[in-house]
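Data block below; observations after.
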Amino acid sequence: MFVDDYSFDAYRAAGFGRFDQLDKDAVKDLDIKMTAPELGFGEWMGYFSTVGKVTPIPEGMKFGEFPEGVAWTGGTFVIQGDEVLYQWTDTVPGNHPIVEDVVKIAKDVAKNKIDTKQVGKVGWF
């Protein structure tokens, strides 16, 4: 896990962006549904408690506003040494690769079962 500072320079360098600045025409066919997870009362309380700890509220923020970090999307990488073998860039929060596929790629690369030059062509989004 990597956490950037509030400049978000590392996010930009990795090609990540803010989901609220997406080109709506470019993502309209992705069938993305922004829905809340089905959590019980206790689970929601735990979620908000965690969010409050990991998403500091900037001074002067007004009710109804959200911290900028909430809008930034991230991604998933498989890295070997200095080489990025696989990258998935989330388009919106909750958009992510199939975890089993990423783990399989990482294990196959570790066992030298696949050509690392071909891995980066799989899963780019």
Side-chain angles (χ1 to χ4, degrees):
M1 176 192 326
F2 175 78
V3 178
D4 198 359
D5 61 17
Y6 286 113
S7 71
F8 299 98
D9 289 339
Y11 279 76
R12 285 184 189 90
F16 301 145
R18 291 173 50 122
F19 79 88
D20 60 340
Q21 296 175 348
L22 288 172
D23 177 355
K24 290 175 181 43
D25 289 331
V27 296
K28 70 180 178 182
D29 295 329
L30 294 179
D31 193 30
I32 296 168
K33 294 177 180 63
M34 296 288 286
T35 59
E38 294 182 25
L39 300 177
F41 179 77
E43 292 168 311
W44 276 113
M45 294 305 291
Y47 169 79
F48 287 120
S49 172
T50 300
V51 167
K53 292 174 187 169
V54 300
T55 309
I57 308 299
E59 249 183 79
M61 179 170 281
K62 296 181 176 102
F63 182 77
E65 296 178 336
F66 59 88
E68 181 178 359
V70 174
W72 283 86
T73 59
T76 304
F77 296 88
V78 175
I79 298 171
Q80 185 176 42
D82 292 335
E83 186 179 359
V84 176
L85 303 175
Y86 172 90
Q87 177 182 351
W88 171 285
T89 301
D90 303 341
T91 53
V92 294
N95 169 239
H96 52 80
I98 298 169
V99 174
E100 292 82 5
D101 291 349
V102 177
V103 171
K104 181 178 182 336
I105 289 169
K107 285 181 177 179
D108 288 349
V109 168
K111 294 177 183 175
N112 293 316
K113 287 185 175 179
I114 58 176
D115 179 5
T116 59
K117 291 180 178 30
Q118 295 299 314
V119 176
K121 296 178 182 177
V122 178
W124 282 84
F125 188 61

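Along the sequence shown, residues carry numbers from 1.
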Closest approach of Pro97 and Tyr86, non-hydrogen atoms and distance? CB-OH, 3.4 Å
Determine the minimum heavy-atom distance between Phe16 and Trp72, stating which atoms define it. O-CZ3, 3.6 Å
Over all heavy atoms of both residues, which pair between Thr89 and Gln87 is shortest? Give the atoms and the distance, please. OG1-NE2, 3.0 Å
Quick one: do Arg12 and Asp9 make a salt bridge, cutoff under 4.0 Å? yes
How far apart are the closest heavy atoms of Val78 and Val102, and which atoms are they? CG2-CG1, 3.8 Å
Report, as yes or no, whether the 6.0 Å neighbourhood of atom CE on Met45 holds more than 12 heavy atoms from other residues, nucleotides or ligands. no
Out of curiosity, does Val84 fall in the hydrophobic cluster containing Tyr11 (side-chain heavy atoms, cut-off under 4.5 Å, transitive links)? yes
Counting only N and O atoms by type, is there a donor-acceptor contact under 3.5 Å from the side chain of Glu83 to the main-chain atoms of Gln80? no
Quick one: CD1 on Ile105 to CH2 on Trp88, what's the gap to the nearest 0.5 Å? 10.5 Å
